[in-house]
Asker: 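Quick one: this structure, given as structure tokens, is what I'll be asking you about.
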Amino acid sequence: MSEERSLNFLEEIVEADLAAGKHVEIHTRFPPEPNGYLHIGHAKSICLNFGLADKYGGKTNLRFDDTNPVTEDTEYVDSIKADVRWLGFDWEEEHYASDYFDQLYAYAVSLINKGLAYVDDLSAEEIATMKGTPTEPGKESPFRNRSIEENLSLFTAMKNGAFNDGEKVLRAKIDLASPNMHMRDPIMYRIKKIHHHRTGDTWCIYPMYDFAHGQSDSIENISHSICTLEFEVHKPLYNWYIAQLGIFPSNQFEFARLNLTYTVMSKRKLLQLVQEKLVDGWDDPRMPTISGLRRRGYTPLSLRNFCERIGVQRRENIIDVGLLEFCVREDLNKTALRRMVVLDPIKLIITNYPEEQSEILKGENNPELEDNGGYRDLPFGRELWIEAEDFMEEAPKKWFRLAPGNKVRLKSAYIVSCTGFEKDASGKVTAVHCEYIPESKSGQDTSGINAKGTMHWISAEKAENAEVRLYDRLFQVEDPSSEEGDFKSYMNPNSLEIIQEAKIEPSLLEAQPGEQFQFIRKGYFTLDSKLSAGGKLVFNRTVTLKDAWSKESKK
RNA sequence: UGCCCGAUAGUAUAAUGGUAGUACGACAGAUUUUGGUUCUGUUUGUCUUGGUUCGAAUCCAGGUCGGGCAACCA
């Protein structure tokens with residue numbers, strides 16, 4: 001018997017319901033409103049919904065909760081579908097709340113007929129005032145006791161466009177004194193004379209979330225309707241509509257939404273960043289959106305693993321973004337091709353390597369793979385580019401890289417011994433001199449020398465150029481939303497560093513969008529899908545490698 | 001000052017009345033032609049006060065702290 005992880009609370013509920021015979025098959029749904037792009041919090045919900053159905057042999061629908069035409073658009077519908085698919089999920093049925101407008105209208109009429117709904121002429125402000133406060137009961141609207149006939153004819157008139165926006169609403173007749181504000185005669189329908197992205201101008205009245213969601217679940221025979229904690233107080237209303245209508249009893253269960261350190265997760269805040277051009281768009285690689293993470297180089301598997309690892313509970317939480325980074329490194333380490341790129345180049349001149357000489361060395365593609373994933377050609381010569389930070393004139397303790405007198409292995413090439421360096425007038429090091437040890441050639445080393453450090457390098461003659469973008473966290477504080485004042489004032493001014501001319505090895509000219517690389521000692525990178533065009537290469541850094549030296553050097 | 005929900009290492013998450021475990025992090029060591037990977041070890045926790053019980057993270061009561069609820073948003 002294999003080791004089983006313990007069940008999360010949703011799985012326990014499902015297993016109990018299945019065992020009790022409450023449902024023969026479980027059916028879930030992912031119900032986004034098409035008014036923005038999906039973010040990693042949605043990924044948690046997607047993994048939960050699809051994961052649950054998958055685990056218990058059930059089905060999951062994709063349903064667009066498009067009951068408010070003011071904010072919704074097909075652009076969002078398309079991006080949401082693409083993101084869900086990219087994550088690796090395929091829905092059973094695709095639905096839209098707007099497909100149920102006729103049915104929902106009929107449900108509303110039936111509630112009017114049962115004396116459980118009425119047309120109210122009060123203004124939005126009046127309704128709000130008369131609802132009372134959490135500590136004071138509300139007051140009845142003077143229109144609360146209209147006759148069924150009058151309500152029917154007014155509601156029909158509403159539907160037919162006889163009134164303007166805001167003039168009338170349809171309300172459920174429940175309890176103005178309820179301690180739950182959502183039960184104080186909630187609004188079922190409002191008038192909005194605006195074009196809907198799917199139903200066009202067919203309707204001018206639109207159902208509220210509460211009057212659409214539970215019924216949509218019910219129509220689709222959703223057994224477990226999973227949503228975030230803030231809908232908890234809606235549950236009595238969800239159940240009330242279903243009970244009064246006598247329809248399939250879907251059940252709502254709530255979990256805590258995902259929060260991540262050093263970013264924001266609410267659609268409203270993300271939208272602000274986009275609108276105020278503080279980021280490059282919804283798919284800016286610094287955004288916690290699915291499209292941003294994709295462009296940054298995150299893989300579907302790493303995101304799914306992340307969602308699995310964070311678990312699910314009903315308590316507020318904030319996940320360390322380090323866990324997300326761990327998940328993507330874990331995946332990429334096994335799959336990314338190793339390449340050498342010098343981000344901040346200085347020359348390394350091998351004084352005992354003949355000027356006219358050159359050779360082709362072999363570099364392994366990925367030591368984690370069988371047969372090292374094959375090999376690619378690495379041109380080598382007398383002059384190389386190395387990382388400026390890999391040389392120090394005066395080496396600190398435990399410095400394994402280049403410094404006068406130090407020996408270092410050039411990855412997949414030779415061991416070199418540093419013999420000197422050149423400086424310009426300002427004191428800046430412009431080139432480093434060394435001598436190579438011919439018997440130390442990679443793979444056939446007979447020198448017997450043990451170099452402690454290994455460095456990446458590029459042949460100066462054969463090097464190509466590329467733009468490289470280094471990303472850092474978008475915010476400087478762990479939880480921007482909980483800080484005083486405007487969350488935007490906590491943004492990290494250095495979240496994007498652009499390196500115009502990094503030196504790349506020739507094999508990278510063939511890089512394809514979506515391909516992942518590990519630039520040895522520098523991190524994981526991917527080709528930017530938007531900015532790389534017309535022969536210009538732009539690489540995004542997905543995440544750095546773990547860096548033990550930076551910790552050591554800070555001691 | 002109403003109603004609802006929650007509280008386990010730094011962060012998450014298990015233990016479902018019977019040994020407080022796991023992951024990420026941190027720290028130390030081994031291996032390493034990436035200061036990466038891998039491996040080993042160490043570290044830190046049941047909000048509080050009572051009660052029930054042979055036995056409580058778990059059940060009960062009070063308190064404290066945190067979150068949610070008064071959109072013609074979802």
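No experiment lies behind these values; they were computed from the predicted model shown. Reminder, nothing fancy here: chain letters follow the sequence lines and each chain counts from 1.
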Asker: Measure the distance from CG on A:D445 to C1' on B:rU33 and round it to the nearest whole Å.
Answerer: 9 Å

Asker: How many whole angstroms separate atom CG of A:L271 from atom P of B:rA74?
Answerer: 16 Å

Asker: What integer number of Å spans the C1' atoms of B:rC65 and B:rC72?
Answerer: 36 Å

Asker: Give none if B:rC73 has no partner; otherwise give the nucleotide forming a Watson-Crick or G-U wobble pair with it, both distances under 3.5 Å.
Answerer: none

Asker: Pairing check on B:rG18: which nucleotide meets the Watson-Crick or G-U wobble criteria with it, both distances under 3.5 Å?
Answerer: B:rC54

Asker: Roughly how many Å apart are B:rA12 and B:rU44, using the C1' atom of each and rounding to a whole number?
Answerer: 15 Å

Asker: Would A:R339 pass as a cation-pi partner of A:F517, given that its NZ or CZ must be under 6.0 Å from the six-membered ring centre and within 45 degrees of the axis?
Answerer: no

Asker: At 4.0 Å (heavy atoms only), tell me whether A:L323 reaches a base, stays on the sugar-phosphate, or touches nothing.
Answerer: sugar-phosphate

Asker: Among B:rG35, B:rU37, B:rA74, which is the nearest nucleotide to the side chain of A:E33?
Answerer: B:rA74

Asker: Per the side chain to side chain donor-acceptor pair (under 3.5 Å) rule, which among A:E254, A:K235, A:R29 passes with A:S225?
Answerer: A:R29

Asker: Touch check for A:H234, heavy atoms < 4.0 angstrom, all strands: base, sugar-phosphate only, or nothing?
Answerer: base

Asker: Could you tell me if the ring centre of A:Y414 sits under 6.0 Å from that of A:Y436?
Answerer: yes

Asker: What is the separation between atom CD1 on A:I520 and atom C1' on B:rG36, rounded to the nearest whole Å?
Answerer: 10 Å

Asker: Does A:K192 make a cation-pi contact with A:Y206 (under 6.0 Å, within 45 degrees of the axis)?
Answerer: no

Asker: Taking only side-chain N and O atoms of A:R315, does any of them lie within less than 4.0 angstrom of OP1 or OP2 on B:rA7?
Answerer: yes

Asker: So which nucleotide from B:rA70, B:rC5, B:rC3 ends up closest to the side chain of A:E232?
Answerer: B:rC5

Asker: Considering only side-chain heavy atoms of A:K551, which listed nucleotide, B:rU34, B:rC27, B:rC72, is closest?
Answerer: B:rC27

Asker: Check this for me: does the side-chain of A:S442 come within 3.5 Å of the base of B:rU33 through a donor and an acceptor?
Answerer: yes

Asker: Can you tell me the pairing partner of B:rU64 across any strand shown, Watson-Crick or G-U wobble, with both distances under 3.5 angstrom?
Answerer: B:rA7

Asker: Does A:M455 reach a base, just sugar-phosphate, or nothing at all? Heavy atoms under 4.0 Å.
Answerer: nothing

Asker: Nearest whole angstrom, please: distance from the P of B:rC73 to the CG of A:D165.
Answerer: 10 Å

Asker: Does a side-chain N or O of A:R190 approach OP1 or OP2 of B:rA74 to a distance below 4.0 Å, or not?
Answerer: yes

Asker: Looking at every strand, decide which applies to A:F326 at a 4.0 Å heavy-atom threshold: base, sugar-phosphate, or nothing.
Answerer: sugar-phosphate

Asker: Who is the Watson-Crick or G-U wobble partner of B:rA28, with both distances under 3.5 Å?
Answerer: B:rU40

Asker: Determine, for A:F306 and A:K44, whether the Lys NZ or Arg CZ falls below 6.0 Å from the six-membered ring centre while staying within 45 degrees of the axis.
Answerer: no

Asker: Contact class for A:S412 (heavy atom, under 4.0 Å): base, sugar-phosphate, or nothing?
Answerer: base

Asker: Rounded to whole Å, how long is the line connecting atom CE of A:M188 with atom P of B:rA71?
Answerer: 19 Å

Asker: So if I take every side-chain heavy atom of A:V169 and compare against B:rC24, B:rG35, B:rC72, which nucleotide ends up nearest?
Answerer: B:rC72

Asker: Without decimals, in angstroms, what is the distance between A:E136 CD and B:rA70 P?
Answerer: 16 Å

Asker: Check whether any side-chain N or O of A:T261 sits under 4.0 Å from OP1 or OP2 of B:rU11, and answer yes or no.
Answerer: no

Asker: Contact class for A:D547 vs. all strands (heavy atom < 4.0 Å): base, sugar-phosphate, or nothing?
Answerer: sugar-phosphate

Asker: Can you tell which of B:rU13, B:rA15, B:rG36 lies closest to the side chain of A:R338?
Answerer: B:rG36

Asker: Base, sugar-phosphate, or nothing for A:L122, non-hydrogen atoms under 4.0 angstrom?
Answerer: base

Asker: Suppose you measure atom P in B:rU34 against the same atom in B:rU46; what distance do you get, rounded to whole Å?
Answerer: 42 Å

Asker: If you measure from the C1' atom in B:rU48 to the same atom in B:rA7, how many Å do you get, rounded?
Answerer: 11 Å

Asker: Pick the C1' atom in B:rC27 and in B:rU64, then give their distance to the nearest Å.
Answerer: 34 Å

Asker: Using the P atom in both, what is the distance from B:rC60 to B:rU1, to the nearest Å?
Answerer: 25 Å

Asker: With the side chain of A:R309 defined as its heavy atoms from C-beta on, choose the nearest nucleotide among B:rA74, B:rG36, B:rA23.
Answerer: B:rA23

Asker: Quick one: which of B:rC5, B:rC72, B:rU33 gets closest to the side chain of A:R314?
Answerer: B:rC5

Asker: Please evaluate the base of B:rU38 for a donor-acceptor partner in the side chain of A:E368 within a cut-off of under 3.5 Å?
Answerer: no

Asker: Could you measure the distance from the NE2 atom of A:H42 to the CE atom of A:M265? Nearest 0.5 Å is fine.
Answerer: 10.0 Å

Asker: Just checking, A:K159 and A:W203: is the charged tip under 6.0 Å from the six-membered ring centre and within 45° of the axis?
Answerer: yes

Asker: Just to be sure I understand the rule, does A:Y206 reach a base, reach only the sugar-phosphate, or reach nothing, if contact means heavy atoms closer than 4.0 Å?
Answerer: nothing

Asker: Give a yes or no on whether the ring-centroid distance for A:W457 and A:F380 is below 6.0 angstrom.
Answerer: yes

Asker: So, OP1 or OP2 of B:rC73: does either fall under 4.0 Å of a side-chain N or O from A:K192?
Answerer: yes

Asker: Rounding to an integer number of angstrom, what distance separates B:rA20 and B:rU38 when you compare their C1' atoms?
Answerer: 29 Å

Asker: Atom CG of A:N450 to atom P of B:rG35: distance rounded to whole Å?
Answerer: 13 Å

Asker: Can you tell me which nucleotide in B:rU37, B:rA12, B:rA74 comes closest to the side chain of A:I318?
Answerer: B:rA12

Asker: Return whichever of A:T135 or A:Q313 has its heavy-atom-nearest nucleotide of RNA chain B closer to the 5' end.
Answerer: A:T135

Asker: Measure the distance from CG on A:L270 to P on B:rA74 and round it to the nearest whole Å.
Answerer: 20 Å

Asker: Is the A:H95 ring parallel, tilted or perpendicular to the A:Y100 ring (thresholds 30°, 60°)?
Answerer: tilted

Asker: For A:N450, does the CG atom have more than 12 heavy-atom neighbours from other residues, nucleotides or ligands under 6.0 Å away?
Answerer: no

Asker: For A:R329, report the nucleic acid contact type (base, sugar-phosphate, nothing); a contact means any heavy atom under 4.0 Å.
Answerer: nothing

Asker: Under 4.0 Å, counting only non-hydrogen atoms across every strand here, what does A:S123 touch: a base, just sugar-phosphate, or nothing?
Answerer: base

Asker: Contact class for A:P31 (heavy atom, under 4.0 Å): base, sugar-phosphate, or nothing?
Answerer: nothing

Asker: A:K546 has a side chain; which of B:rC72, B:rG36, B:rG2 sits nearest to it?
Answerer: B:rG36

Asker: What nucleotide among B:rG36, B:rA12, B:rU34 has an atom nearest to a side-chain atom of A:K411?
Answerer: B:rU34

Asker: Which residue lies toward the 5' end of RNA chain B, A:T133 or A:P207, if each is placed at its nearest nucleotide?
Answerer: A:T133

Asker: Base, sugar-phosphate alone, or nothing: which one does A:G443 contact when heavy atoms must sit under 4.0 Å apart?
Answerer: base

Asker: When you compare B:rA57 with B:rG21, how far apart are their P atoms, in angstrom units rounded to a whole number?
Answerer: 13 Å

Asker: Using a heavy-atom cut-off of 4.0 Å across all strands, would you classify A:I310 as base, sugar-phosphate, or nothing?
Answerer: sugar-phosphate

